[in-house]
Amino acid sequence: MTKARSNLQIDSARLWKDIHDTAQFGATAKGGVRRLTLGAEDRQVRDWFRAACEAAGCAVRVDALGTMFAIRPGRDMSKPPIGIGSHLDTQPTGGKYDGVLGTLAALEAVRAMNDAGIETELPVCVCNWTNEEGSRFAPAMMASAAYAGDYTTDDILSRRDAEGVTVAEALDEIGYRGPDAVGAQRFSAFVELHIEQGPILEAEGKTIGVVDRGQGIMWYDGTVAGFASHAGTTPMPLRRDALAAFAEFVLAVEKVARDNGPNAVGTVGEVTIANASRNVVPGDLAFTIDMRSAQAGTLDALHAGVTAAAAEIGARRKVAIDLKRIWRKEPTVFNPALVDTVERAAKDLGYAHRRITSGAGHDACNLAAVMPAAMIFVPCKDGISHNELEDATQADCTAGANVLLHTVLALAGVVSDGKA
Ligand code: GLV
Ligand code: MN
Ligand code: MN
């Protein structure tokens, strides 16, 4: 085994061009991307990705949940590959970097190895995980969760979007229900590059975040059942206004998160008033909650807090606030040896770096339960993400891709570096 040349770099201009070219699939007027999972734009980017991976000499496989695996052969094909990659779906008003950077940088790492004539001992597998975002189908990161055994494939295939379309139907519609069983593609390890999506690296002037933990996540579906009545004739004391009660509940969610802070967050992100009308006191509504912390005990406290608030506000306002927890993802601790490998790559390349906890969920967090996994973060402008304004510099994206390249070379083992 030989050591990879320490000056080996990815092609920054090629990575930057790919990020901006693929941002055309679902481009929004404000410069962001709307590429909901398994929609028409997702098919476009998937077709592009498949062709680009094949052009880079990879064989592309697709599993039953549409996750794409592009394999660059290694000398020992009996060993599972080192997985690298992320996701190509976006939020409804998403940016150009969330998921895209990690997927395209993984492809770029493979191209850089090709250009340098590098042969690795283990194969390398570039991945595009289906539905990381969770905005069309819940839960987020559903394909990697099924891979890790948290759900059966049939369960995930039967999940429906707001229009009632199932994951199975959506996969068939875009032609990405693949023949491989979920979990059939094995890995020796998995490494995901991502923008931080928060403000820490930028504030501290660090180029690389060496991610050693990830927050746990809880998602809820909720309803408020009050009583719809005439807005002009129903006296204030007699009302059972679902929306007014909900307004109190939203503030209670915020308070529960603050009270359990600083390492806890709580968000009410969606609300739909049934049969909303200007002159009807709202009778029924549905909503969602997202709560997170890096400590399991804090997740328990958040759950207890919102459950108690729902009961108290509901009883006092004579409405029924029903909360159903649909997902609890435990906090992630990434593999210490792999985290050290990422840190060494950042150090050897001379990038300012620090350890960091991921506030966002990532496929690597699910995969960490069943294989050694780690993540690399780069800064994004003002910490903004899940917004069309999401931005990152070419230099930082390049640095992250270089750390990914050298991490994967260290893990896959360089047999020949083309110069030998
Ligand atoms: C994934 O995008 C998340 O919600 O963290
Ligand atoms: Mn992401
Ligand atoms: Mn996201």
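Counting starts at 1 for both ligands and their atoms, following the listed order.
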Hey, mind stepping through T130 and R46 against side-chain hydrogen bond (donor to acceptor under 3.5 Å, both in side chains) and telling me if it holds?
CA-CA 10 Å; T130 295; R46 283 166 175 269; 2.9 Å; yes
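- Below 30°, between 30° and 60°, or above 60°: for Y220 and H303 the angle between ring planes is below 30°, a parallel geometry.
- Taking a cut-off of under 4.0 Å to the non-hydrogen atoms of G361, the atoms of ligand 1 that pass are 1 (C), 3 (C), 5 (O).
- Enclosure of atom CZ in R355 by more than 12 non-hydrogen atoms of other residues, nucleotides or ligands within 6.0 angstrom is indicated.
- Below 3.5 Å of separation, one finds an N or O of H386 facing an N or O of ligand 1.
- Distances from the Mn ion (ligand 3) show that E132 has no N/O/S atom below 2.8 Å.
- R316 and E312 are joined by a salt bridge, as a carboxylate oxygen and a charged side-chain nitrogen come within less than 4.0 angstrom of each other.
- Heavy-atom contacts of A360 reach the following atoms of ligand 1: 5 (O) (cutoff under 4.0 Å).
- Nearest N, O or S atom of H87 to the Mn ion (ligand 2): atom NE2.
- A salt bridge links E121 to K79: one of the charged nitrogens lies within less than 4.0 Å of a carboxylate oxygen.
- The shortest contact between atom 2 (O) of ligand 1 and any protein heavy atom is with E133 OE1, 3.0 Å.
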Are H362 and F334 close enough, and set up right, to give a ring-ring contact (aromatic ring centres under 6.0 Å, His included), and what steps lead you there?
CA-CA 12 Å; H362 298 287; F334 287 110; 8.4 Å; no
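- Taking the Mn ion (ligand 3) as reference, H386 places its N/O/S atom NE2 nearest.
- In this structure, the side chain of R317 does not engage the main chain of D241 through any donor-acceptor pair within 3.5 Å.
- Scanning the protein heavy atoms around atom 1 (C) of ligand 1, the nearest turns out to be E132 OE2, 3.6 Å.
- Atom OD2 is the N, O or S atom of D98 at the shortest distance from the Mn ion (ligand 3).
- Note on ligand 1: R292 sits in its first shell, one or more heavy atoms being nearer than 4.0 Å.
- Salt-bridge formation is not detected for the pair K324/D221: no Lys NZ or Arg NE/NH1/NH2 atom is positioned less than 4.0 Å from an Asp or Glu carboxylate oxygen.
- Ligand 1 is never approached by M141 to a heavy-atom distance shorter than 4.0 Å.
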